[in-house]
Amino acid sequence: MFAWIDDDLEERRRRGLYRVRRRLQSGQAVHIRLGGRELINFSSNDYLALAGDARLARAAAAAARRYGCGAGASPLVSGYSPPLRALERALAAWEGTEAALVFSSGYAANLALIRSLAGPGDAVFSDALNHASLIDGCRLSRAAVYVYRHNDADHLADLLRKQGRSARRRLIVSDTVFSMDGDIAPLGQLVELAECFDCLLVIDEAHATGVLGEHGRGVTESLRPGPWSPERVFKVGTLSKALGTQGGFVCGPRRLIAWLINQARPYIFSTALAPPTAAAARRAVAVVQQEPERRRRILALAEQLRRELREIGGNIGDSCCQIVPLIVGEAQQAVRLSRRLEEQGLLVPAIRPPSVPEGSARLRFSVTAAHTETDVKRVVEVLRGKIPMRSIV
Ligand code: PLP
């Protein structure tokens with residue numbers, strides 16, 4: 001009866017694409033216990049090392065005692081708890097927007113936002129390497145979707161010229177930091193094109209929130225005021241990565257937030273974020289504002305890793321932030337290198353298709369505020385002389 005499933009899984013095994021979950025035997029941190037071994041963790045999106053922070057744990061515990069562990073209902077019924085409201089206000093104040101709306105995941109936030117801004121008769125223009133949640137939001141919208149080459153503003157302009165004219169509304173959608181490459185979208189150009197072709201622009205700061213920008217608000221901080229309307233730009237962030245907790249958020253004008261509350265299905269038909277999580281995330285927002293040295297440290301360590309990987313012949317693509325890929329080509333090769341690192345006590349995941357295009361399998365290093373210069377040097381020592389010829393630049 002399930003021969004088709006068996007065949008598919010077998011094919012995945014054969015191609016080195018079969019996925020398993022590994023059992024974590026410790027908390028999320030830079031030193032973890034996995035499969036019975038202590039490992040230095042280069043696989044986590046806990047960039048600011050806040051997931052295990054005692055201040056967040058205390059905030060969560062206090063909220064659990066006072067408000068319970070679960071929200072119990074959708075925010076539109078009775079799940080809109082005091083910690084959740086306080087979190088939304090803190091996010092809006094930090095981001096400098098009129099309002100913010102918190103979802104139970106960044107994934108849900110992206111689905112909700114895109115589905116709410118675009119529908120049949122509209123056109124969505126999406127970067128080829130956008131995250132799956134943006135892609136799924138585009139599909140769910142039932143708008144016509146046009147995929148432009150990764151970070152290629154000329155290709156986007158061309159598509160807007162050829163395909164955008166007859167659409168009712170036009171939406172450009174992009175990650176700011178791309179999660180498998182660590183490169184950054186040409187945001188200034190996207191904003192200009194949005195203005196020129198009368199588009200809305202959705203940008204996903206999931207990997208930039210808390211890490212990039214002077215105040216940790218992400219790549220949008222680098223946008224200069226200009227002849228473009230901030231009303232066109234809709235920003236998504238996640239609480240699940242640098243903020244060390246769980247959930248996603250959209251920030252923007254009050255009327256957008258009211259619109260989402262009234263018609264975004266992933267918001268209306270899903271239980272609100274749990275009070276302890278909301279309280280911990282609010283504490284994390286305060287830490288991000290008070291401790292800028294954390295993000296400076298991450299970026300300096302990532303720069304060291306890039307420099308040293310380049311010195312041993314590694315292809316690190318266009319990485320320029322805390323995510324550093326080492327592109328090796330074939331999936332099996334990436335898996336072999338990942339295993340070798342693990343034998344030496346270093347956890348660096350192999351990223352394979354379909355997460356990245358065929359032939360560009362890689363190791364993905366995620367540098368956090370809790371890593372040290374010595375951790376970085378250890379990685380490079382293990383890899384020295386073992387990087388396949390095809391990855392040499
Ligand atoms: N957006 C991007 C760019 C991501 O990388 C991710 C998660 O991997 C998400 C959104 C989804 O966020 P969450 O994990 O909070 O659902």
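Just follow the structure's listing: the first ligand is 1, and inside any ligand the first atom is 1. The figures here come from the full heavy-atom set of this structure, side chains too, leaving out hydrogens, waters and symmetry mates. Along the sequence shown, the residues carry numbers beginning at 1.
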Sub-4.0 Å atoms of ligand 1 with respect to non-hydrogen atoms of [X]:
X	answer
His207	3 (C), 4 (C), 5 (O)
Ser133	1 (N), 10 (C)
Asp204	1 (N), 2 (C), 3 (C), 10 (C)
Tyr107	11 (C), 12 (O), 13 (P), 16 (O)
Gly247	15 (O)
Ser105	15 (O), 16 (O)
Asn110	1 (N), 10 (C)
Lys241	4 (C), 5 (O), 6 (C), 7 (C), 8 (O), 14 (O)

Return the minimal non-hydrogen interatomic distance between [X] and [Y], and the atom names on each side.
X	Y	result
Ser74	Ile268	OG-O, 3.0 Å
Arg55	Glu291	NH1-OE2, 2.6 Å
Ile316	Arg306	CD1-CG, 3.4 Å
Ala242	Gly210	CB-CA, 4.2 Å
Val102	Tyr267	O-CE1, 3.3 Å

Task: Test item: side-chain donor near acceptor, Ser133 and Asp136, under 3.5 Å - done: no
Open item on the list: Just by distance, no angles: are the side chains of His150 and Asp183 close enough, under 3.5 Å, to form a donor-acceptor pair?
Closed with: yes
Geometry only, no angles: is [X] polar-contacting ligand 1 at N/O separations under 3.5 Å?
X	answer
Asn45	no
Asp175	no
Ala206	no

- [ ] May I ask you to decide whether Asp375 forms a salt bridge with Arg378, counting only side-chain N to carboxylate O separations under 4.0 Å?
- [x] no
TODO: Using a strict 4.0 Å threshold on nitrogen-to-oxygen distance, state whether Arg336 and Glu330 make a salt bridge.
DONE: no
Task: Co-membership, hydrophobic cluster, residues Phe365 and Leu301, 4.5 Å side-chain - done: yes
For ligand 1, is there an atom lying under 4.0 Å from some heavy atom of [X]?
X	answer
Gly248	no
Ala132	no
Gln246	no

- [ ] From atom 13 (P) of ligand 1, work out which of Ser174, Ala109, Gly237, Gly106 has a heavy atom at the shortest distance.
- [x] Gly106
Open item on the list: With rounding to the nearest 0.5 angstrom, report the CZ to OG distance, Phe234 to Ser116.
Closed with: 10.5 Å
TODO: Among all protein heavy atoms, pick the one closest to atom 9 (C) of ligand 1 and tell me residue, atom and distance.
DONE: His131 CE1, 3.4 Å
Task: Per-residue contact class, Leu134 against ligand 1 - non-hydrogen pairs under 4.0 Å - done: neither
